[in-house]
**Q** 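Can you read through this structure? Questions will come right after.
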Amino acid sequence: NAGVTQTPKFQVLKTGQSMTLQCAQDMNHNSMYWYRQDPGMGLRLIYYSASEGTTDKGEVPNGYNVSRLNKREFSLRLESAAPSQTSVYFCASSKGGSYNEQFFGPGTRLTVL
Amino acid sequence: GQQVMQIPQYQHVQEGEDFTTYCNSSTTLSNIQWYKQRPGGHPVFLIQLVKSGEVKKQKRLTFQFGEAKKNSSLHITATQTTDVGTYFCADHTGANSKLTFGKGITLSVRP
């Protein structure tokens, strides 16, 4: 099992460009999440999908959109990248419901110039 | 929304010293999870605490949930260089299996 995979690992964008970050899990998990991590800010939830077919905003959703393509895949899209979106992005998954640990992918390091 | 506080954000210890860090909330927590992130890595689940006063041990790491379920502690006995990293607590009180993470404490260990 690969667990949670993310592509790409690194990306450099210019302001205004768009891109999609891909995430997939092979653990048959119901819930998936997107976080961003900035120095001194911890992990902040951008969007999550509690189950296939549903998505909800997290703490910092502005400037992002998501798609839960199927049970395995959850993508994050930046329509018009801004320097403030320079960050490390982590995708995670869990069985869902209460008391379930989250499994994280290796992350995508994004720089917006 | 629910917030969990981790202060300070950085701590430096000499190898072999003990280390304790805390996670605090102003409201009652349903359950708390702890994660570790090695430098350049991704967060990895360590433990979950659910019951008031619960204590769990993993080798040199001891985790405790406060009696009032408003705080939690992580204690490392005789730190080693392999303990280096950032430790996050996360509150699982919210609905839809969301976690709210603290800002973490970054531990460095001097050999």
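Order of the sequence lines fixes the chain letters, A, B, ..., with proteins taken first and strands second; residue numbering starts at 1 for each chain. Heavy atoms only: backbone and side chains are in, while hydrogens, waters and symmetry mates are out.
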**Q** Transitively linked via ILVMFWY side-chain contacts under 4.5 Å: Tyr35(B) with Tyr48(A)?
**A** yes
**Q** About how many Å separate CZ of Phe103(A) and NE2 of His42(B), when rounded to the nearest 0.5 Å?
**A** 10.0 Å
**Q** Could you grab the distance from atom CG of Asn100(A) to atom CD of Gln33(B), nearest 0.5 Å is fine?
**A** 8.0 Å
**Q** Please report the shortest heavy-atom distance between Gln37(B) and Phe90(A), naming the atom on each side.
**A** NE2-CZ, 3.5 Å
**Q** Would you say Tyr22(B) and Leu61(B) are hydrophobically clustered, going by side-chain heavy atoms of ILVMFWY under 4.5 Å?
**A** no
**Q** Would a single hydrophobic cluster contain both Leu76(A) and Phe74(A), if residues Ile, Leu, Val, Met, Phe, Trp and Tyr are joined by side-chain heavy-atom contacts under 4.5 Å?
**A** yes
**Q** Would you find more than 12 non-hydrogen atoms of other residues, nucleotides or ligands less than 6.0 Å from Met27(A) atom CE?
**A** yes
**Q** Are Tyr89(A) and Phe104(A) connected in a single hydrophobic cluster, I mean Ile/Leu/Val/Met/Phe/Trp/Tyr linked by side-chain heavy atoms less than 4.5 Å apart?
**A** no
**Q** Flag yes if more than 12 heavy atoms outside Lys95(A) fall under 6.0 Å of its NZ atom; otherwise flag no.
**A** no
**Q** Given side chains that start at C-beta, do those of Phe101(B) and Gln37(A) come closer than 4.5 Å, heavy atoms only?
**A** no
**Q** A side-chain contact here means heavy atoms from C-beta on lying under 4.5 Å apart; do Gln102(A) and Phe45(B) qualify?
**A** no
**Q** Specify the closest pair of heavy atoms between Phe88(B) and Gly42(A), including all atoms of both residues, with the distance to one decimal.
**A** CE2-CA, 3.8 Å
**Q** So for Leu99(B), is it side chain, backbone, both, or neither that comes closer than 4.5 Å to the heavy atoms of chain A?
**A** both
**Q** Can you tell me which portion of Leu45(A) sits under 4.5 Å from chain B's heavy atoms? Options are side chain, backbone, both or neither.
**A** side chain
